[in-house]
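Each remark here refers to the structure printed beneath this line.
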Amino acid sequence: MIKQQQKTASIRGFFFLLLLLFKSKITHLCTGIIQTMFNNRPELEKDDFYSLINTIIAKGRDYGNTTIGNGQKVNIEFVSANPTGYLHIGHARGGAYGDALANIMIKSGFNVHKEFYVNDGGNQINKLGKSIEARYLELLGEENVLPEDGYHGKEIIQVAQNIIDASGDAYKEDGFEHFKEYGLEFLLDRLKGHLVEYRIEFDEWFRERTIYQGDLQETVKQIKDNGFTYESEGATWFKTSEFFDEKDRVMIKSDGGYTYIVPDIAYHKNKFERGYEVLIDVLGADHHGYMDRLRSAMEMIGKDSTKLEFQILQMVRVYQDGKEVKMSKRSGKAIGLKDLIEEVGVDPIRYFFAARALSSQMDLDLDLALRKSNENPVYYAQYAHARICSVLRLGKEQGIEPTKVEVYDYLNEKASGLLTLLSTYPRVIDECATKRIPHKLTNFIQELSSEFHSYYNAEKFLTENKTETNEKLRLIKAIKIVLNDALKLIGVSAPEKM
RNA sequence: GCGCUCAUAGCUCAAUUGGAUAGAGUGCCUGACUACGGAUCAGGAGGUUAUGGGUUCGACUCCUAUUGGGCGCGCCA
C-alpha cells in the first residue's frame, strides 16, 4: 500500500521534474529530487531501522542533536516585559515561543544565550513610583488619586501594602525613590518567579541602567559624529529615513532627555559588541514599527543590521463572557500568566502557544480554555508517552527488560512507518531551528503520537513470544525517548503516569 | 489618510525558498477487542484557501485591486 502510493508519487514527481528540465532549471533539479525523496518518507532499508532503534536508545536525548548551528553565537531576547506589573497572556505567548526556539537551536548546535531586557531606567519606572505612592497614600487613608497614565494592576496595591507592613507610614512625606526601587525589585522578583514556574529561565537579565554608564553617551556621539543628526524644532533628530525608515525620528527631546529608542540602540550595540552573530528580538505586533528604526540605527553605528532579526508575534485576543478582555497593564485588567497557570496548568499553555505560528492572530476564549482544557492536544501526546511507560513498567514487573537486537523480525508496516518518522527527527529539529518555527515540532509530536496510538491499538506488546516482545519494547522505548525529548524542548512535561 | 500585518472545514489551527489529491484537532455521524491505560483506535460527512484580476507548466504561498479584522503613525515607552 505504502509502496504503491510511493510509486505513483514518484511517477508524478518525474513528470514535474521533466517540466523543470524544460525550463532548464538544472540546479533546482537536484534539490527537487532530494526533496521529493525526503518528503515521501521513503521506507528505510531494513538494516537502517534496526540500527536506528539501537542508535536512539544508545544516544538517549542526544538523538536528534545536529551541528547545523556550527556553534554560532546567538542572542535571543524575549518577553522583556517592563517590571511595572505582572506578566500577562501576551508574554506567555512570546515566552513559550522564545524558550522553545532557544532550546531547539541549542539542540541544532547553536550557541544560544537567552536574555531578558529589564527596562529599569526609563520614564515608566517613574510612573511605577507614582502609582505605588498613590496606592500607598490611599491605603493610609489619604486623599489621593492614581494618575490616569499610572499602573492600575492589583499587584501595585500589594506592593504598597508590603511597604506599609514593613515600615508603616515612614514614607508618607518623601518616599518616591523608595517606592520606585522597592517596587522595581519586588515586581522583578515576582516576574522571575512566575517565569520559573512557566519553566523559563534566562541566562541573563540585562538591566537598562547598565547602559547608562558609557554605552549610551558613546552611542549618541557615534551617531552624531557619523553625521546622521540635525537640529529641528528644538530637538535633535537622526536620519533613519536614510536607511529603512519612512521618516526621521527624534533622538534628543527639546527638554534634553533621550527618547526611548536611544537606550535601546545602545543596548543592541552592546549586544553586538558582546560578539553575537545573530540577534533575535521577539517583539509584540505593537512594536513592529520599531524594526526599521532600530535597523537604521545599527547601520549608523556601523553594525550589520542584517544580523538583527525580528520575530513579530501577533496579539492574542482574549474573550471572556463573550466580551474581549483588553490586556493593557495600565488598565489592570490583564489576564495574568500566574492566574492562567493556576487555572489551566503550564503544560497546556506552553503546548498551545508553541503549536501556533507566531504570525497567527488568535482569539482565545478563556471560558472554553478553562472549562475544556482536556481538549488540548497536549494530553494526546502525553498520553502516548504515559502509555509507553506503562507498557515498559508492566514488562519490567514481568521480568522483561528489553535487550539490544541486531535483526528485527516482528516489526510490521506500522512499525516501519514509526521508524521512518523517527528518522526524520533530526531534520525536523534543523528546520525548526533555521526557520525559527518551533511550531513545526508540535506537528511532529502530534504525528508521532498519532502513529504510536494507532500501532498500540493494533498490536499486543507483552506476548508469549519473547523475541517479539523484546523487539516491540525496543521500538516503543525509542519512541518514548524522542517523544520525551520533543516535549521537553517546548517546555512540556512527559509524565510516566497521568 | 499612510504604513505594517492577518484572513484556510461550524470552531481552533497546520501546509516556511511556488510542487504531488490543502492536512490535523475539536464538534457532528457510524463502528471497536472486559482494555499491556477507552484521555485510545477504525471509518464518514464537512473546503470556490475572504473576493476579483494577473504571473507561472504549476499559486493557500508571488504581484495587483477590493472587503473585513489587528497594530502602528516626529520630542509616550
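Convention: sequence-line order gives letters A, B, ...; per-chain numbering from 1.
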Starting at the 5' end of nucleotides 2-11 of chain B, put B wherever the base has a protein heavy atom under 4.0 Å, S where only the sugar-phosphate does, and a dash everywhere else. -BBSS-----

Does [N] have a Watson-Crick or wobble partner in any strand here, with both distances under 3.5 angstrom, and which is it?
{"N": "B:A42", "result": "B:U30"}
{"N": "B:C2", "result": "B:G72"}
{"N": "B:G25", "result": "B:C11"}
{"N": "B:U17", "result": "none"}

Determine the contact category for [X]: base if any of its heavy atoms lies under 4.0 Å from a base atom, sugar-phosphate if only primed atoms, P, OP1 or OP2 are that close, otherwise nothing.
{"X": "A:S454", "answer": "sugar-phosphate"}
{"X": "A:A285", "answer": "sugar-phosphate"}
{"X": "A:Q382", "answer": "nothing"}
{"X": "A:D286", "answer": "sugar-phosphate"}

Taking the minimum atom-to-atom distance to the side chain of A:K435, which one of B:G74, B:U12, B:U17 wins?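 For the A:K435 side chain, the nearest candidate turns out to be B:U17.
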
Out of B:A14, B:C75, B:A24, whichever nucleotide has its closest atom nearest the side chain of A:A357: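 Among B:A14, B:C75, B:A24, the one nearest the side chain of A:A357 is B:A14.
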
[atom1] atom, [N] versus [M]: distance in rounded Å?
{"N": "B:G10", "M": "B:C41", "atom1": "P", "value": "24 Å"}
{"N": "B:U48", "M": "B:G23", "atom1": "P", "value": "15 Å"}
{"N": "B:U8", "M": "B:A50", "atom1": "P", "value": "6 Å"}
{"N": "B:U61", "M": "B:A7", "atom1": "P", "value": "11 Å"}
{"N": "B:U51", "M": "B:G25", "atom1": "P", "value": "25 Å"}
{"N": "B:U26", "M": "B:A45", "atom1": "C1'", "value": "15 Å"}
{"N": "B:C6", "M": "B:U12", "atom1": "C1'", "value": "16 Å"}
{"N": "B:C29", "M": "B:U34", "atom1": "C1'", "value": "26 Å"}

List every contact pair, protein side and nucleotides 34-37 of chain B side both N or O, where the distance is under 3.5 Å.
unit_1 : atom_1 : unit_2 : atom_2 : d
B:C36  : O2     : A:L462 : N      : 3.4
B:C36  : N3     : A:F461 : N      : 3.1
B:C36  : N4     : A:Y456 : O      : 3.4
B:C36  : N4     : A:E459 : O      : 2.2
B:G37  : OP1    : A:S390 : OG     : 2.6
B:G37  : OP2    : A:S390 : OG     : 3.2
B:G37  : O2'    : A:Y383 : OH     : 2.4
B:G37  : O2'    : A:R387 : NE     : 3.1
B:G37  : N7     : A:S390 : OG     : 3.3
B:G37  : O6     : A:M498 : N      : 3.0
B:G37  : N1     : A:M498 : O      : 3.4

Just by distance, no angles: are the side chains of [X] and [Y] close enough, under 3.5 Å, to form a donor-acceptor pair?
{"X": "A:K414", "Y": "A:S454", "answer": "yes"}
{"X": "A:Y410", "Y": "A:N465", "answer": "yes"}
{"X": "A:T469", "Y": "A:T463", "answer": "yes"}
{"X": "A:S296", "Y": "A:D245", "answer": "no"}
{"X": "A:E447", "Y": "A:S450", "answer": "no"}

When the nearest nucleotide of RNA chain B is assigned to A:E431 and to A:A235 on a heavy-atom basis, which residue is associated with the more 5' position?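 The residue closer to the strand's 5' end, by nearest nucleotide, is A:E431.
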
Check the orientation of [X] and [Y]. Use parallel for under 30°, tilted for 30 to 60°, and perpendicular for over 60°.
{"X": "A:Y230", "Y": "A:W237", "answer": "parallel"}
{"X": "A:Y290", "Y": "A:H287", "answer": "perpendicular"}
{"X": "A:Y455", "Y": "A:F461", "answer": "perpendicular"}

Rounded distance (Å) that lies between atom [atom2] of [N] and atom [atom1] of [X]:
{"X": "A:F244", "N": "B:G72", "atom1": "CZ", "atom2": "P", "answer": "24 Å"}
{"X": "A:H453", "N": "B:A24", "atom1": "NE2", "atom2": "C1'", "answer": "14 Å"}
{"X": "A:I261", "N": "B:G74", "atom1": "CD1", "atom2": "P", "answer": "13 Å"}
{"X": "A:Q446", "N": "B:A39", "atom1": "CD", "atom2": "P", "answer": "17 Å"}
{"X": "A:L441", "N": "B:A14", "atom1": "CG", "atom2": "C1'", "answer": "14 Å"}
{"X": "A:Y351", "N": "B:A24", "atom1": "OH", "atom2": "C1'", "answer": "10 Å"}
{"X": "A:I312", "N": "B:G72", "atom1": "CD1", "atom2": "P", "answer": "13 Å"}
{"X": "A:R93", "N": "B:C71", "atom1": "CZ", "atom2": "C1'", "answer": "14 Å"}

Any side-chain to backbone donor/acceptor pair from A:N103 onto A:L489? Under 3.5 Å, distance only.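 Such a contact is found between A:N103 side chain and A:L489 backbone.
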
Can you find a side chain N or O atom of [X] that sits less than 4.0 Å from OP1 or OP2 on [N]?
{"X": "A:T259", "N": "B:C76", "value": "no"}
{"X": "A:Y380", "N": "B:C41", "value": "yes"}
{"X": "A:H439", "N": "B:A15", "value": "yes"}
{"X": "A:K247", "N": "B:G72", "value": "no"}

Over-ring placement of A:R295 relative to A:F243, 6.0 Å and 45° cut-offs: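 The answer is no; the distance or angle limit is not met.
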
Taking the six-membered ring of A:F353, is the NZ or CZ of A:R356 close enough (under 6.0 Å from the centre) and on axis enough (within 45°)?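 Judged by the rule, A:R356 and A:F353 form no cation-pi pair.
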
N-glycosidic conformation, B:G74 - syn within 90 degrees of 0, else anti: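 Because its glycosidic torsion lies within 90° of 0, B:G74 adopts the syn conformation.
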
Does a distance-only test, which skips hydrogens and angles, find a donor-acceptor pair under 3.5 Å between the side chain of A:Y379 and the base of B:A39?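 No.
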
Establish whether the base of B:C76 is bridged to the side chain of A:Q124 by a donor-acceptor pair shorter than 3.5 Å.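 Side chain to base: no pair present.
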
Would a line drawn from the ring center of A:H453 to the ring center of A:Y380 be shorter than 6.0 Å?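 A:H453 vs A:Y380: aromatic centres under 6.0 Å.
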
